[in-house]
Amino acid sequence: MLRSLRLPVLAALITTTALLVPSVAVAKTKVPPIGHVFVIVLENESAGSTFGPTSQAPYLAKTLKSKGVFVPNYYGVTHVSLGNYIAMISGQGSTPQTQVDCPVYAPFVSTGTGADGQALGAGCAYPASVPTVASQLKAKKLTWKGYMEDMGNNPARESATCAHPVLDAPDPTLRASVGDQYATRHNPFVYFTGITGSSDCAKNDVPLTKLAGDLKSIKKTGNFNLISPNLCHDGHDEPCVDGQPGGLVSANSFLQTWVPKITSSAAYKKDGMLIVTFDEAEAAGAEADSTGIPNSPTFPNVTANSLTGGAGGGRVGAVILSHHTKAGTTTQKNYNHFSLLGSVEGVFGLKKLGYAARSATPLFGKDIFSVK
């Protein structure tokens with residue numbers, strides 16, 4: 001969530017409602033033979049701060065940029081955090097509750113299905129009828145993994161796998177604690193009962209400590225892997241409860257540790273793609289609330305796409321690495337989290353979900369991939 005927003009304000013906004021419905025269409029793009037996708041999601045930084053000349057994340061802003069494609073015009077889709085993560089795996093827009101990070105883990109109360117496959121209603125835990133990229137991959141006999149740093153470190157706060165509050169209970173992970181900086185709201189898989197109601201959740205939604213071992217074997221490496229650092233290492237907190245600097249400094253250190261492990265793995269070397277991006281922009285001003293995408297949808301369940309009243313989550317930037325990308329290049333095209341979902345679905349030959357399926361949603365193309 002934005003550091004400037006306080007929890008009492010968020011809780012007061014839970015009752016927000018709305019009703020606008022956007023249009024439907026399908027987009028297609030040619031993609032290379034990628035079989036393993038890794039997505040690392042960091043927190044709350046604008047592209048100007050992250051990738052500017054005085055960036056406190058030089059490994060991301062310089063080293064990784066030199067090895068992949070830099071996407072300066074990559075945008076979040078909402079404020080605050082949770083709605084962006086949900087968008088990345090389902091194509092759903094925000095509800096009044098997800099838009100404020102679900103301080104109470106409320107069940108989703110459905111009033112029907114709208115345009116673009118949007119679940120109409122309010123709540124946090126979507127019903128099993130709402131599909132995700134995880135359910136799509138399973139149906140195609142492909143695999144997914146969620147790696148959540150610090151999940152289960154404090155059993156009094158959350159379980160060691162598939163960690164989420166019980167329905168209608170407060171979320172105890174809204175603030176970091178010493179020794180456990182896991183945040184439920186940065187783990188989108190646990191907001192879909194089609195996942196939490198399956199044994200797949202405990203098997204696939206696991207602590208980050210499992211990643212190094214899984215990377216040793218192609219068979220153990222998921223086809224799609226979403227990696228969420230803890231509230232310090234994702235840059236959310238600054239400083240952190242344990243005395244670490246947080247912000248881009250700690251995010252940079254996290255990437256220096258984990259990116260080489262990913263890129264040296266057999267799965268990545270065979271047919272991998274790594275995407276590093278942020279959930280939402282932090283800087284003040286119109287760009288922090290922009291969608292960056294012409295003809296972007298208006299979410300039907302809330303009065304504005306962004307909690308701040310804007311149309312989106314602002315410009316965050318991204319870097320994409322693969323054997324099918326040209327190192328040290330930059331694309332000026334605009335993308336967002338729905339673009340990420342649709343592009344991942346395209347890689348695996350899956351139907352595009354929610355807003356990822358709109359013709360107005362740009363998908364990664366020749367500017368990203370060196371497709372022959």
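Model, not experiment: these values are computed from the prediction. Values below: all heavy atoms of this structure, side chains included; hydrogens, waters and symmetry mates excluded. Sequence positions, counted from 1, serve as the residue numbers for this chain.
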field: Phe192-Tyr126 aromatic ring centre distance below 6.0 Å
entry: yes

task: Fit a plane to each ring of Tyr85 and His186, take the angle between them on a 0 to 90° scale, and name the class: parallel (under 30°), tilted (30 to 60°) or perpendicular (over 60°).
output: parallel

- prompt: Taking everything shown except Asp168 itself, do over 12 heavy atoms lie less than 6.0 Å from its CG?
  reply: yes

- prompt: Can you check whether Phe70 and Phe51 have ring centres sitting under 6.0 Å from each other?
  reply: yes

- prompt: Under the criterion side chain to side chain contact (heavy atoms under 4.5 Å, CB included), which of Asp289, Val80, Val302 is the partner of Leu307?
  reply: Val80

- prompt: Would Lys352 and Glu345 satisfy salt bridge (Lys or Arg N to Asp or Glu O under 4.0 Å), going step by step from the backbone distance to the final call?
  reply: CA-CA 6 Å; Lys352 294 172 182 61; Glu345 289 169 323; over 6 Å; no

- prompt: Going by atom types only, do Ser322 and Thr325 share a side-chain donor-acceptor pair under 3.5 Å?
  reply: no

query: Between Thr184 and Asn187, does any side-chain donor sit less than 3.5 Å from a side-chain acceptor?
result: no

statement: Paired with His337, the ring pair (Phe, Tyr, Trp, His ring centres under 6.0 Å) test is passed by just one of Tyr355, Phe278, Tyr74, namely Tyr74

message: Would you say that more than 12 heavy atoms from the other residues, nucleotides or ligands in this model lie under 6.0 Å from the NZ of Lys261, or not?
response: yes

message: Let me confirm one number: the CG-OG1 distance from Leu255 to Thr63, rounded to the nearest 0.5 Å.
response: 10.5 Å

Matching residue for Gln181 among Asp242, Asn153, Thr173 - test: side chain to side chain donor-acceptor pair (under 3.5 Å): Asp242

field: Asp200, Asn223, Asn225 screened by side chain to side chain donor-acceptor pair (under 3.5 Å) with Thr143, the one that passes
entry: Asn223

message: Would Asp180 and Asn154 count as a side-chain hydrogen bond (donor to acceptor under 3.5 Å, both in side chains) here? Give the steps.
response: CA-CA 6 Å; Asp180 186 355; Asn154 181 356; 4.8 Å; no

- request: Kindly say whether the aromatic ring centers of His36 and Tyr268 come within a distance under 6.0 Å.
  value: no

